[in-house]
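Here is the structure we will look at, set down as structure tokens.
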Amino acid sequence: MAVAPTTIRYRTLTWLTLAAALAYLCRNAVGVAESTVREDLGFTLEQSGWFMGAFFWTYSLFQVPSGWLAERWGTRITLSLFAFAWSVATFGIGVAPGFGLLIVAQLVMGVAQAGIFPASCNSIGHWMPLGQRSLSCGILAAGMQGGAILASGLTGLLIAPMGWRWVFVGFAVPGILWTIGFYLRFRNDPSQDSRVNDSELALIQAARAPAIDPAAANKISEWRELLAIARSPVMFWLCGQQICRGSGYMFFASWFPTFLQETRGVSVAESGYLQGLVLAGTLTGSIFGGTLVDWIWRRTGSLRLSRSGVGATFLAACAVLIVAAWFVQSAVLAVALLSLGSFLAALAGPCAFAATIDIGGPRVPQVFGLMNMVGNLAAAACPILVGWLFQWTSNWNLVLLMFAGVYMVGAICWVFVNPQKQIDNV
């Protein structure tokens with residue numbers, strides 16, 4: 001009788017999803033606490049923009065180096081180090097006395113969190129069957145949004161009774177506990193885990209592209225290889241959609257509570273809850289998007305339709321809903337439209353994650369790292385540019401309209417992404 005496959009791959013995915021949730025809990029708390037920190041420390045809007053955006057500069061610039069480190073050392077060691085470091089940085093935000101040390105803490109957190117998703121995406125490629133990769137990427141993305149939603153609700157709720165400093169100190173603790181458990185239980189490859197039986201190992205490895213000899217892959221220098229990846233046409237368009245999705249998401253993760261407070265007259269706590277509704281749309285969209293992408297691939301066998309088709313269609317739909325919200329004065333109705341828009345935009349997230357695995361070959365961490373780097377450079381600039389734009393125009397609704405255009409450009413980029421070509425074969 002055939003032995004049923006074990007399910008260790010799902011436990012592995014759970015560890016990675018928890019890491020994503022804890023990372024976003026720490027980083028997204030800054031957006032909800034922004035107005036309180038600004039008032040307490042006497043910051044200007046421009047200083048607040050630098051405070052919120054500082055994380056993304058190092059987070060962006062260290063994507064590729066962290067991806068390289070994850071490939072060399074493996075996810076088990078690198079992700080354990082990263083989680084410990086971002087927890088220490090979160091604690092640092094809570095105890096920082098002024099602007100300078102807050103910036104340092106945000107920069108350190110950016111370095112520490114840079115390698116999470118290159119390493120996690122690489123591990124999904126090792127641990128999950130091809131027919132479950134997009135759903136796995138969607139669940140990973142849902143973990144991000146789960147942490148973001150938790151940050152939105154808890155931060156606004158806890159700031160009044162505890163103060164913003166103790167909130168950040170408290171948010172540092174779960175990451176330390178996760179680090180210990182992850183290092184003890186996680187393995188880089190299913191073949192290294194004695195709990196994985198032969199049936200599960202065969203399931204994971206079915207339909208996988210032929211392995212490339214690591215010795216042959218390493219003959220090319222890292223810099224030449226990275227340059228070849230960056231010059232690939234498919235990477236150009238994949239990075240373009242990531243720039244648009246990253247900057248669009250960053251508006252909702254940073255200035256959106258302030259936008260609601262200023263334009264719809266809601267309180268700090270209410271803005272946190274309403275931000276959570278928008279991020280809930282992103283969470284559900286991530287899970288549903290992964291399921292949809294895998295379903296389309298199983299029905300059609302077309303990587304282009306299941307990746308590029310889904311991404312282009314739903315980013316364009318998100319842009320239309322943002323324009324609709326621009327005409328609405330009611331905070332509840334506007335947030336409902338934006339929540340639906342964020343749901344549709346999130347459907348493109350698993351497409352991007354899965355596409356890096358499809359085209360990455362043996363260098364998934366570097367491919368994902370490069371894509372995520374440019375997306376997060378855009379995210380780093382977003383809070384600063386929004387602050388400047390508002391100071392210049394004094395019109396928050398114009399800011400909202402701008403992001404509708406950003407998402408539409410992202411949809412156009414997806415049209416030109418061809419995930420059927422691996423980087424090594426371009």
Side-chain angles (χ1 to χ4, degrees), residues 28 31 138 141-142 144-146 148-149 152 240-266 270-293 296 307-352 375 378-379 382-383 385-386 389-390 395-415 417:
N28 279 58
M144 306 177 202
Q145 304 315 314
I149 292 168
S152 297
Q241 66 80 33
Q242 189 74 359
I243 288 171
C244 296
R245 288 196 311 111
S247 57
Y249 173 83
M250 187 56 187
F251 169 70
F252 292 113
S254 59
W255 282 114
F256 187 62
T258 304
F259 165 80
L260 292 175
Q261 294 164 28
E262 296 293 335
T263 64
R264 302 302 190 268
V266 302
E270 288 173 330
S271 69
Y273 290 131
L274 292 173
Q275 182 192 46
L277 290 176
V278 174
L279 297 179
T282 305
L283 184 151
T284 53
S286 298
I287 298 175
F288 184 75
T291 303
L292 177 65
V293 169
I296 293 175
R307 273 61 163 169
S308 305
V310 171
T313 299
F314 292 111
L315 284 189
C318 174
V320 172
L321 287 172
I322 292 177
V323 172
W326 183 52
F327 292 100
V328 173
Q329 292 300 316
S330 166
V332 175
L333 182 55
V335 168
L337 290 170
L338 293 172
S339 298
L340 181 57
S342 67
F343 169 81
L344 296 178
L347 295 175
C351 304
C382 177
L385 293 175
V386 169
L389 181 61
F390 177 73
N395 189 337
W396 281 109
N397 288 318
L398 184 61
V399 173
L400 193 65
L401 188 61
M402 179 186 71
F403 282 102
V406 167
Y407 277 114
M408 187 59 71
V409 172
I412 295 171
C413 289
W414 264 118
V415 172
V417 173

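We number each residue from 1, following the sequence as shown.
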What closest approach, in Å, do [X] and [Y] show between heavy atoms, and which atom pair accounts for it?
X	Y	result
Ala404	Val323	CB-CG2, 3.6 Å
Trp414	Gln241	NE1-OE1, 3.2 Å
Ala348	Gly311	CB-CA, 3.8 Å
Ala352	Arg245	CB-NH2, 3.5 Å
Ala312	Val415	CB-CG2, 4.0 Å
Cys244	Gly410	SG-N, 3.4 Å

To the nearest 0.5 Å, what is the distance between [atom1] ([X]) and [atom2] ([Y])?
X	Y	atom1	atom2	result
Ser342	Leu347	OG	CG	10.0 Å
Tyr249	Tyr407	OH	OH	9.5 Å
Phe327	Leu401	CZ	CG	8.0 Å
Ile296	Thr291	CD1	OG1	11.0 Å
Ile243	Cys413	CD1	SG	7.5 Å
Asn28	Met144	CG	CE	11.0 Å

Compare all side-chain heavy atoms of Val409 with those of Val406 and state whether any distance is below 4.5 angstrom.
->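 Of all side-chain heavy-atom pairs linking Val406 with Val409, none is under 4.5 Å.
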
Before giving the answer on side chain to side chain contact (heavy atoms under 4.5 Å, CB included), spell out for Cys351 and Phe314 the whole-Å C-alpha distance, their side-chain angles and the decisive distance to 0.1 Å.
-> CA-CA 11 Å; Cys351 304; Phe314 292 111; over 6 Å; no

